[in-house]
2 protein chains.
Amino acid sequence: MAKTNKTLRRRNEYQIYDVPIDSFFELAFSIDCVVFGYGKKDLQVLLTQRGAEPYKGLWALPGDLVYPDEDLDTSAGRVLKALTSLPDLNFEQVHTFGAVDRHPLGRVVTVAYYAIVNMKGFNPKAAFWADKAKWHSVKNLPKLAFDHRDIIDYSYKKLKESTMTKPLWNGVIEEKFTLTQLQSFFETVLDKKFDKGNFRKKIDLFQYVKETEEFEKDVPYRPSRLFKFDKKLYQKNEESS
Amino acid sequence: MAKTNKTLRRRNEYQIYDVPIDSFFELAFSIDCVVFGYGKKDLQVLLTQRGAEPYKGLWALPGDLVYPDEDLDTSAGRVLKALTSLPDLNFEQVHTFGAVDRHPLGRVVTVAYYAIVNMKGFNPKAAFWADKAKWHSVKNLPKLAFDHRDIIDYSYKKLKESTMTKPLWNGVIEEKFTLTQLQSFFETVLDKKFDKGNFRKKIDLFQYVKETEEFEKDVPYRPSRLFKFDKKLYQKNEESS
DNA sequence: TTACTTTTTGTAATTTTTACAATAAGTATT
DNA sequence: AATACTTATTGTAAAAATTACAAAAAGTAA
């Protein structure tokens, strides 16, 4: 790491805002994306294999530096779009990791985001580094570069916490879905089985899960009613809380 | 803002780690602390009045730049200790605010932390900028600099969400406390009244709230039993979850 | 028509939450 | 010492939510 020129710091004021704006700091900040993949029995995480030192050959989270002229959220959205080519991905900031030694070559603070996608809708070719990207089960992660294992653990915990209260499944399962499909989503994410009848009662309380007049087709058993997400109602209820 | 020299960015690699370590980025990052004060009927927030532009005269959150050689959490701890002179403050990272235009003079990304303290234990003189610091009710905040209003709102929401599950009251109320004192803490933070009997039943479920054989003294009514926080048990239960 | 599969509804036991009351145990006053 | 008063502490019954499990409904396939 290059030497730090400490004369740039003014210690007779406590607020950062009095630091001259032409000061340079030898640091970088980045975003890292934990993209969870839904579609198999176990939840998956999208990892890329490092082609350069440090940690060459190890797996890492997709991420990038934040451009000087883009918001943090915009940056995460940009990386996720490049990676998944999905237009309207829901993603959320998780935590910022800023240990001094988290990067062996310098001071890099990273802001972690997570998103969850349907693996079927995911097109690896669309992203320019996609040939290196691969899904891994959250239950069996390889050795990871940097502190990316911590980032995944933290994000996975947050994902689970949000699953019951936020409609994370929106955009992941079909637009019109059966309650059994919705239940499968919950079961995969939370790695836990639910009772059919009781699950339905719980969903009944989510007013934003609305039944339609349509039914499944071409199934070798009784077709299930299809439901959909009432986004407007959800947003309205969110505001008033 | 000084012009961005985009040639420093390498776009043929997606990972930040391949960027030359001697690159400079025209950005700074800081931490901001939302210190909640317990002691009055309403919850309070500690604010400092700005003595310089921009936003001169407005109130702002105490904060500082993160040193090149200190972890984010260390940085928050340092500021909080300087501000409150309390040695073992519990604080937690809340969110990172990184909108491009959040600071009028340049790109400053800030990581927000919150803590809660007993206002009685707080000694303003200890901090070098303490003559400018003042408590404000969360219900009646003044006009705030930057996006600090957003930061407070976000932190307050998180504080409330954590109150029921984390022993935030530890270190804030007396070491040995009555259940009524504990109830008051909950009521102030959540701005909500609880039923005496039902509150006790809920606390009964928190195994880490242990009764002692001591009782209140010098009260003009029946003395209450004193309880204490079993930190070891709490940490043990945390690990196994 | 029957077997089979899944959806959908129901139900009773259990547990948790809530509202409210009764009792206990101190101090202060007469 | 007796009484009033205040808060602590315990109790209790109704209501609500959760759980385990079963039955009925509605389709396909043979």
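Fair warning: this is a prediction, and the values are worked out from it, not measured in the lab. We name chains A, B, ... by the order of the sequence lines, and we start the count at 1 in each one.
In this structure, L226(A) atom CG and dT7(C) atom P are separated by 12 Å, rounded to whole Å. In this structure, R225(A) atom CZ and dT6(C) atom C1' are separated by 16 Å, rounded to whole Å. Taking atom CD of residue Q181(A) and atom C1' of nucleotide dT6(C), one finds them 13 Å apart after rounding to whole Å. dT9(D) atom P lies 18 Å from atom CZ of F194(B), rounded to whole Å. Here dT8(C) presents its C1' atom at 14 Å from CZ of F199(A), a figure rounded to the nearest Å. The separation between R200(B) atom CZ and dT17(C) atom C1' is 18 Å, rounded to whole Å. One interatomic measurement links the two molecules: CG of D204(A) to P of dT9(C), which rounds to 8 Å at whole-angstrom precision. Atom pair F227(B):CZ and dA8(D):P shows a separation of 11 Å (rounding to whole Å applied).
Between Y208(B) and Y234(B), the angle of the ring planes goes over 60°, which puts this pair in the perpendicular group of the 30/60° scheme. Ring-plane geometry between H95(B) and Y154(B) is classed as tilted, the angle between the planes lying from 30 to 60 degrees on a 0 to 90 degree scale. Taking the six-membered ring for Trp and thresholds of 30 and 60 degrees, F36(B) and Y114(B) have ring planes more than 60 degrees apart, a perpendicular arrangement.
Residue side chain R222(A) does not reach the base of dT6(C) through any donor-acceptor N/O pair under 3.5 Å, judged by distance alone.
Between T178(A) and dT7(C) there is no side-chain N or O to OP1 or OP2 distance below 4.0 Å. One finds no side-chain N or O of S224(A) lying less than 4.0 angstrom from the OP1 or OP2 phosphate oxygen of dT6(C).
Within a 6.0 Å sphere centred on CD of E161(B), other residues, nucleotides and ligands contribute more than 12 heavy atoms.
In this structure, W169(B) has its ring center no closer than 6.0 Å to that of Y38(B).
The nucleotide whose nearest atom lies closest to any side-chain atom of D195(B) is, among dC20(C), dT7(C), dC21(D), dC20(C).
R225(A) and E213(A) are joined by a salt bridge, as a carboxylate oxygen and a charged side-chain nitrogen come within less than 4.0 angstrom of each other. The pair D191(A)-K160(A) does not meet the salt-bridge criterion, since no charged nitrogen lies less than 4.0 angstrom from a carboxylate oxygen. Ion pair E216(A)/R222(A) not flagged as a salt bridge, since none of the NZ, NE, NH1 or NH2 atoms sits closer than 4.0 Å to an Asp/Glu carboxylate oxygen.
Residue order along DNA chain D, read from the 5' end via each residue's closest nucleotide, puts T180(B) first among P223(A) and T180(B).
Cation-pi check for K201(A) over F199(A) is not met; the charged atom does not lie both under 6.0 angstrom from the ring centroid and within 45 degrees of its normal.
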Could you pull out the protein-nucleic contacts involving nucleotides 14-19 of chain D (nitrogen or oxygen on both sides, under 3.5 Å)?
residue : atom : partner : partner atom : Å
dT19(D) : O4   : K201(A) : NZ           : 3.0

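Of all the residues in residues 207-221 of chain B, Y221(B) reach under 4.0 Å from DNA chain D with at least one non-hydrogen atom.
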